[in-house]
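All figures in this text were calculated on a predicted structure; none of them were measured in a lab.
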Amino acid sequence: MSISFSLVICTYMRSKAIVTLLESVALQTLYPNEILIIDASTNTDTEDVLKKQTFKNLSYYSVEDDNRGLTKQRNFGISNVRNTMDIVCF
């Protein structure tokens, strides 16, 4: 039996760190079936740097003021996880 899992990553103004994190995830024994980046940044730096990379199963979401803040970003991420996932990781 195969277990599918999502990795929800909430970020704010950390475009360089997100690439380092995703490179580390790529080296893990198990790779997520989906990775959701929930970005509350007030600029497009994170989106721009991710467009230059190729990480498998990655979805990027930019959130506005009403979804900024760690708890709100996590809730936003959970609401966008595919319903076929068994586990959600943060």
Side-chain angles (χ1 to χ4, degrees):
M1 177 180 184
S2 177
I3 294 179
S4 57
F5 72 100
S6 294
L7 175 60
V8 177
I9 302 170
C10 302
T11 189
Y12 176 78
M13 307 295 282
R14 295 181 52 105
S15 58
K16 292 178 184 174
I18 198 77
V19 172
T20 302
L21 172 66
L22 291 169
E23 288 170 345
S24 175
V25 169
L27 297 174
Q28 302 306 306
T29 305
L30 294 175
Y31 192 83
N33 299 90
E34 71 176 355
I35 300 172
L36 285 69
I37 305 295
I38 314 303
D39 183 20
S41 299
T42 56
N43 60 33
T44 62
D45 291 354
T46 302
E47 182 178 14
D48 295 342
V49 78
L50 290 175
K51 285 180 180 178
K52 297 175 185 173
Q53 307 291 323
T54 53
F55 295 104
K56 192 171 76 172
N57 305 336
L58 180 71
S59 297
Y60 172 83
Y61 298 90
S62 176
V63 295
E64 299 296 324
D65 286 339
D66 57 335
N67 282 306
R68 284 196 177 108
L70 185 56
T71 300
K72 290 179 181 181
Q73 285 174 254
R74 284 180 177 166
N75 288 337
F76 182 91
I78 288 172
S79 71
N80 285 283
V81 168
R82 293 189 314 234
N83 60 5
T84 58
M85 296 295 114
D86 298 308
I87 298 171
V88 177
C89 304
F90 294 94

What's the separation between atom CG in L70 and atom OG1 in T11, rounded to the nearest 0.5 Å? 10.5 Å

Under the salt bridge (Lys or Arg N to Asp or Glu O under 4.0 Å) test, which residues partner [X], sequence neighbours left out?
X	value
D66	none
E23	none
K52	none

What pairs meet the ring-ring contact (aromatic ring centres under 6.0 Å, His included) rule with one or both residues in residues 69-90, with sequence neighbours excluded? Y61-F76

Pairs satisfying ring-ring contact (aromatic ring centres under 6.0 Å, His included), at least one member in residues 18-42, at least two apart: none

Could you tell me whether the side chain of [Y] reaches within less than 4.5 Å of the side chain of [X], counting heavy atoms only?
X	Y	answer
L7	I9	yes
R74	T71	no
R14	I18	no

Residues at least two apart in sequence or cross-chain that pass side chain to side chain donor-acceptor pair (under 3.5 Å) with S4, listed by chain then number, are D86

Are V25 and L27 in one and the same hydrophobic cluster, where Ile, Leu, Val, Met, Phe, Trp and Tyr link if side-chain heavy atoms are under 4.5 Å apart? no

May I ask whether L30 and I87 are part of the same hydrophobic cluster, defined by side-chain heavy atoms of I, L, V, M, F, W, Y residues being less than 4.5 angstrom apart, directly or through others? yes

Identify, with sequence neighbours excluded, every residue that meets ring-ring contact (aromatic ring centres under 6.0 Å, His included) alongside F55. none

Derivation and outcome, side-chain contact (heavy atoms from CB on, under 4.5 Å), residues V63 and Q73: CA-CA 8 Å; V63 295; Q73 285 174 254; 4.2 Å; yes

Can you give each donor-acceptor pair under 3.5 Å made by side-chain atoms of residues 33-44, sequence neighbours left out, with the distance rounded to 0.1 Å?
| from | atom 1 | to | atom 2 | distance (Å) |
| --- | --- | --- | --- | --- |
| N33 | OD1 | F5 | N | 2.8 |
| E34 | OE2 | S6 | OG | 2.5 |
| E34 | OE2 | R82 | N | 3.0 |
| D39 | OD1 | S41 | N | 3.0 |
| D39 | OD1 | S41 | OG | 2.5 |
| D39 | OD2 | Y60 | OH | 2.6 |
| S41 | OG | M13 | N | 2.7 |
| N43 | OD1 | D45 | N | 3.1 |
| N43 | ND2 | D45 | OD2 | 3.4 |
| T44 | OG1 | D48 | OD2 | 3.0 |

Take atom CZ in R68; do more than 12 heavy atoms of anything else shown fall under 6.0 Å from it? yes

Given side-chain contact (heavy atoms from CB on, under 4.5 Å), test Q53 with L22 step by step and report yes or no. CA-CA 10 Å; Q53 307 291 323; L22 291 169; over 6 Å; no

